[in-house]
Amino acid sequence: MTADSKRFHPHGKHLIAGEWVGGGETFANSPATGESDQFQSGTPAHVDRACQAAEEAFWSYAYASRETRAAFLDTIADEMEARAETITEIGTRESGLPEARLQGERGRTTGQLRLFADHIRKGAHLDRRVDGALPERQPMPRPDIRMIQRPIGPVAVFGASNFPLAFSTAGGDTAAALAAGCPVVVKGHSAHPGTGEIVAEAIHAAIQKCGIHPGVFSLIHANSREVGQTLVQHPLIKAVGFTGS
């Protein structure tokens with residue numbers, strides 16, 4: 001087997017609602033080692049398509065059982081581990097981080113996914129609270145007051161430059177949103193788009209295995225601010241997740 005045959009060759013497309021989308025302008029990444037790859041450059045139209053799909057997915061995914069969402073998170077972790085060598089290879093090549101660091105970060109990422117799966121199985125994330133009625137209260141009675149955490153809608157997530165796995169495509173922000181029942185649209189970081197692509201492939205495989213609505217996750221590549229601005233300002237996006245310093 002030659003060295004090149006072990007190399008992951010990204011197709012450079014966006015993943016939008018279960019489809020790999022190409023055909024537009026491209027940009028080249030700047031890997032720490034090896035040759036550059038070409039990636040699609042996202043547009044506002046891509047953002048709108050992904051957000052519309054996320055909103056459609058919300059009405060089934062948000063009301064799925066906790067076990068369904070937990071199994072989905074566990075399956076994403078499984079699919080990432082099944083691609084372990086490929087993730088390490090492209091992650092090391094793009095970021096320049098040593099293999100041991102990427103392997104450890106992958107373990108952290110799958111650990112986060114499994115941690116959220118366990119958390120929602122227990123139901124603790126719902127934070128249920130009940131204040132009983134006070135019918136004798138003066139000057140007027142108080143009824144039952146009940147609180148429960150509920151999913152709010154599609155969430156935008158921005159990949160971080162220095163953590164291509166743990167704080168990017170399937171990182172903590174994505175895992176938390178999916179655990180809560182919120183579909184995710186990821187704006188991939190242009191410093192490691194190939195790493196984002198292979199992780200998106202793992203999420204896509206988990207969606208298919210678990211029978212989840214494909215709009216629950218989209219990844220849009222971009223090397224300009226236009227996509228990020230459009231995503232944050234989109235009326236269907238209800239929250240934004242970004243972890244950075």
Side-chain angles (χ1 to χ4, degrees), residues 14-18 42 46-80 108-127 148-160 163-189 196 199-207 210-220 222 227-228 230-244:
H14 314 292
L15 176 62
I16 301 178
H46 290 126
V47 172
D48 184 62
R49 179 176 170 183
C51 291
Q52 294 286 351
E55 175 69 10
E56 182 179 329
F58 175 70
W59 298 104
S60 59
Y61 185 68
Y63 298 98
S65 68
R66 298 201 303 271
E67 179 56 38
T68 294
R69 299 206 301 268
F72 177 41
L73 293 172
D74 281 337
T75 304
I76 295 173
D78 291 342
E79 292 295 328
M80 286 188 65
R108 177 177 179 175
T109 306
T110 56
Q112 289 171 162
L113 289 160
R114 298 190 194 285
L115 179 66
F116 277 110
D118 182 64
H119 185 63
I120 61 176
R121 280 190 175 102
K122 295 175 181 177
H125 69 296
L126 297 173
D127 193 22
I148 186 171
Q149 302 287 354
R150 300 184 66 181
I152 60 173
V155 173
V157 171
F158 285 71
F163 282 84
L165 298 175
F167 297 127
S168 290
T169 307
D173 294 311
T174 295
L178 293 176
C182 298
V184 172
V185 179
V186 173
K187 187 268 185 188
H189 200 286
V199 174
E201 285 188 3
I203 299 173
H204 180 49
I207 288 171
C210 296
I212 304 294
H213 190 297
V216 77
F217 175 84
S218 292
L219 168 70
I220 302 175
V227 165
T230 304
L231 186 56
V232 169
Q233 294 170 354
H234 199 284
L236 293 178
I237 293 296
K238 304 304 181 184
V240 178
F242 172 75
T243 301

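Throughout, residue positions are numbered sequentially from 1 according to the sequence presented.
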Rounding to 0.5 Å, atoms CD1 (I203) and OG1 (T174) come to a distance of 6.5 Å
Minimal heavy-atom distance between I220 and A50, with the atoms involved, is CD1-CB, 4.0 Å
Output for pair (T230 OG1, K187 NZ), nearest 0.5 Å, gives 11.5 Å
On a heavy-atom basis, the closest approach of G181 and P151 is O-CB, 3.7 Å
Note to self: When you compare the side chain of F217 with that of T169, does any pair of heavy atoms fall below 4.5 Å?
What the structure shows: yes
Do H46 and I16 make a side-chain contact, defined as non-hydrogen atoms from C-beta onward lying under 4.5 Å apart? yes
Taking T109 for the side chain and G171 for the main chain, is one N or O donor matched with an acceptor at less than 3.5 Å?
no
State, yes or no, whether a side-chain contact exists between L165 and V199 at a heavy-atom distance under 4.5 Å.
yes
Closest non-hydrogen contact found for L219 with G196 is CD2-O, 3.5 Å
All heavy atoms of S60 vs all of H213, minimum pair found to be OG-CB, 3.9 Å
Checklist line | Side chains of R114 and D74 in contact at under 4.5 Å (non-hydrogen atoms) | finding: yes
When rounded to the nearest 0.5 Å, the distance separating CD of Q112 from CG of L115 is 8.0 Å
Here the gap from E55 atom CD to I237 atom CD1, rounded to the nearest 0.5 Å, amounts to 9.5 Å
Review point. Are E56 and Y61 side-chain neighbours, meaning at least one heavy-atom pair lies under 4.5 Å?
Key: no
So CG of L236 and CD of Q52: to nearest 0.5 Å the spacing works out to 5.0 Å
Heavy atoms of E79 and A205 approach each other most closely as OE1-CB, 3.6 Å
Min side-chain heavy-atom separation C210-T68 under 4.5 Å = no
Tightest non-hydrogen contact, residues R69 and L178, listed as CD-O, 3.6 Å
Rounded to the nearest 0.5 Å, the CG atom of L113 sits from the OG1 atom of T75 at a distance of 10.5 Å
Is the shortest heavy-atom distance from the side chain of H189 to the side chain of F163 under 4.5 Å? no
Classify the ring geometry of Y63 against W59: parallel below 30°, tilted from 30° to 60°, perpendicular beyond 60°. parallel
Pairwise side-chain contact, V186 with S168, heavy-atom cut-off 4.5 Å (strictly under): no
